[in-house]
Amino acid sequence: MPDMTDYSIYSERRKRLQTQIQHGIAVIPTAPEVVRNGDAQYDYRHDSHFHYLSGFAEPEAVLVLIAGKELRSILFCREKNAEREVWDGFRYGPEAAGKEFGFDAAFPIAQLDEKLVELMGNQPVLFYPMGTDAEWDARIIKLREAVKEKARSGIRAPGEIRDVREHISEMRLLKDALEQDIMRRAAKISGAAHRRAMRFTRPGQFEYEVEAEYLHEFCRHGARHPAYTSIVAGGANACTLHYVGNNARLDDGELLLIDAGCELEGYASDITRTFPVNGKFSPAQKDVYEIVLAAQAAAIAAAKPGNLWNAPHDAALRILAQGFIDLRLCQGSVESVLETESYKQFYMHRTGHWLGMDVHDVGEYKIGEQWRPLQPGMVLTVEPGCYLRPADNVPRELWNIGIRIEDDVLICANGNEVLSLDAPKTVNEIEETMHHD
Ligand code: GLY
Ligand code: MN
Ligand code: MN
């Protein structure tokens, strides 16, 4: 297994990108630090594209790649600063960062504007993540104007600006062995956290108490942050798709839907489990649960190479549509439920998304007008659900049942690998895990 601290993997990625863009200059800043309030900042999170190509995690850094006859890869970063390092800790500084991370050159970030005006000269195309950050956009445009002012010295500014993200996103869509290993470990930690939450949960607790079990389990395995804000939704709260209040009491007889996954070494996991607060599914809860579980099994079976992106969604929809008919939630045939989209009252989201450095990861879902074929190395979530808000056409015993079951699936040459199997999922597994006498 390659080692994360073997930085050659990042220079190989940079070379691949340079080969793809052929001629021009790429400028890729990392993410800014963000103030939360007063002197407090949100925990710093690097930009995923930047980190994918550099392995460098400090803020105030910019990657510049030159593609053409000669390939150059340049880092701009903060200078060493003895006083600041006393307060904020170690920083590499250009000299050490350049060597350690395998750049051809590295300069202080304060020299960025001046050097970029030089570096952009006579490059035909500027590749840049236009539209991500208004301040950066304005700065880049201004620098390009500064290059134009050198026209009388025979220096040309890039005639074209293209979105560099299109190239990096397609690279990121196919996870290499190193990435697969990290994602496998991330899903394992999150799976353990779901198991722990099932063991912990009792009626009378508050949603945030269960959330705390996840955060502790993530953190004690070195995953200091969740990959997204955890959804810990008891009872009716489960029918609010992006519920993040996490502050209600959990009552006997309710279901608890938890969508929580850690970020490990820059990679996300994204797992949802739904289980009864008191450890035992009621017959009505079980009926709905088994339908969602069957829909998920069908979707996972359809997640294999050669199938199109939409195959898992279509497979899940057919099972859900039949289930909704059986529960008298929808009328007519499976075909008519799909055709009229009457299922959307109870299942209104898609069955998954790409997963990687970002929880909703990059990469196109269509090529031209066609859903793209699944390929080994892609990782996606499979997450069908069912959300039954009180309504005249919903039998009363089903009111406020909200269920989602979400796993992380790696496409392999001969099918797939479910990375999140450690999280108990069948009714039996869940009830056994929760049986805490
Ligand atoms: N946790 C976000 C999602 O499932 O897409
Ligand atoms: Mn998801
Ligand atoms: Mn999720």
Side-chain angles (χ1 to χ4, degrees), residues 45 48 169 172-173 175 183-184 186-195 197-198 207 210-211 213-215 217-218 223 225-234 237-246 255-264 266-275 289 292-293 295-297 299-300 302-303 309-313 315-317 320 344 346-363 365 374 378-387 402-411 416-425 430:
R45 171 55 158 78
S48 298
S169 298
R172 278 176 52 191
L173 181 55
K175 276 73 181 172
M183 293 188 75
R184 202 173 276 119
K188 214 168 170 56
I189 294 168
S190 301
H194 279 278
R195 181 178 288 278
M198 289 176 194
E207 291 164 343
V210 184
E211 182 180 20
E213 296 295 306
Y214 282 83
L215 297 178
E217 192 66 19
F218 294 169
H225 301 287
Y228 52 92
T229 307
S230 308
I231 296 170
V232 183
N237 294 334
C239 296
T240 300
L241 295 179
H242 290 161
Y243 174 80
V244 288
N246 298 1
L255 287 176
L256 174 57
L257 180 157
I258 301 178
D259 186 341
C262 67
E263 178 176 292
L264 182 73
Y267 286 80
S269 56
D270 181 9
I271 306 179
T272 307
R273 289 293 182 265
T274 309
F275 52 92
Y289 191 87
V292 179
L293 189 62
Q296 205 222 18
I300 291 175
W309 160 256
N310 218 35
H313 182 60
L317 273 188
L320 289 174
K344 281 196 171 167
F346 314 112
Y347 181 52
M348 58 297 282
H349 60 76
R350 305 274 313 173
T351 303
H353 49 82
W354 303 132
L355 184 71
M357 300 182 99
D358 299 325
V359 63
H360 290 178
D361 207 33
V362 292
Y365 291 93
L374 298 173
M378 292 174 168
V379 181
L380 60 144
T381 65
V382 178
E383 51 178 306
C386 171
Y387 312 93
I403 294 171
R404 178 163 66 256
I405 308 171
E406 175 174 30
D407 280 299
D408 302 343
V409 177
L410 165 68
I411 304 295
N416 67 51
E417 175 186 343
V418 179
L419 303 179
S420 42
L421 279 181
D422 283 7
K425 188 160 70 165
I430 290 173

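Remember, it's 1-based here, ligands and their atoms both numbered in the order they're listed.
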Salt bridge flag under 4.0 Å for residues [X] and [Y]:
X	Y	value
R195	E217	no
E383	R350	no
R172	D361	yes

Within less than 2.8 Å of the Mn ion (ligand 2), any N, O or S from H353?
yes

H360 side chain to W354 backbone, donor-acceptor under 3.5 Å
no

With a 3.5 Å distance limit and no angle check, can you tell me whether N416 reaches the backbone of A303 through a side-chain donor-acceptor pair?
yes

Assess whether side-chain hydrogen bond (donor to acceptor under 3.5 Å, both in side chains) is satisfied between H353 and D270, documenting all intermediate values.
CA-CA 10 Å; H353 49 82; D270 181 9; 3.0 Å; yes

Under the ring pair (Phe, Tyr, Trp, His ring centres under 6.0 Å) rule, collect the residues that match up with H225, sequence neighbours excluded.
none

Flag for D407-S420: side-chain donor and acceptor within less than 3.5 Å
yes

Is there a donor-acceptor contact under 3.5 Å linking the side chains of H242 and Y228?
no

Quick one: side-chain hydrogen bond (donor to acceptor under 3.5 Å, both in side chains) partners of T274, sequence neighbours excluded?
none

Within the heavy-atom cut-off of under 4.0 Å, ligand 1 is lined by Y228, D259, D270, H353, H360, E383, E406

I want to verify a count. Protein N, O or S atoms less than 2.8 Å away from the Mn ion (ligand 3), how many are there?
4

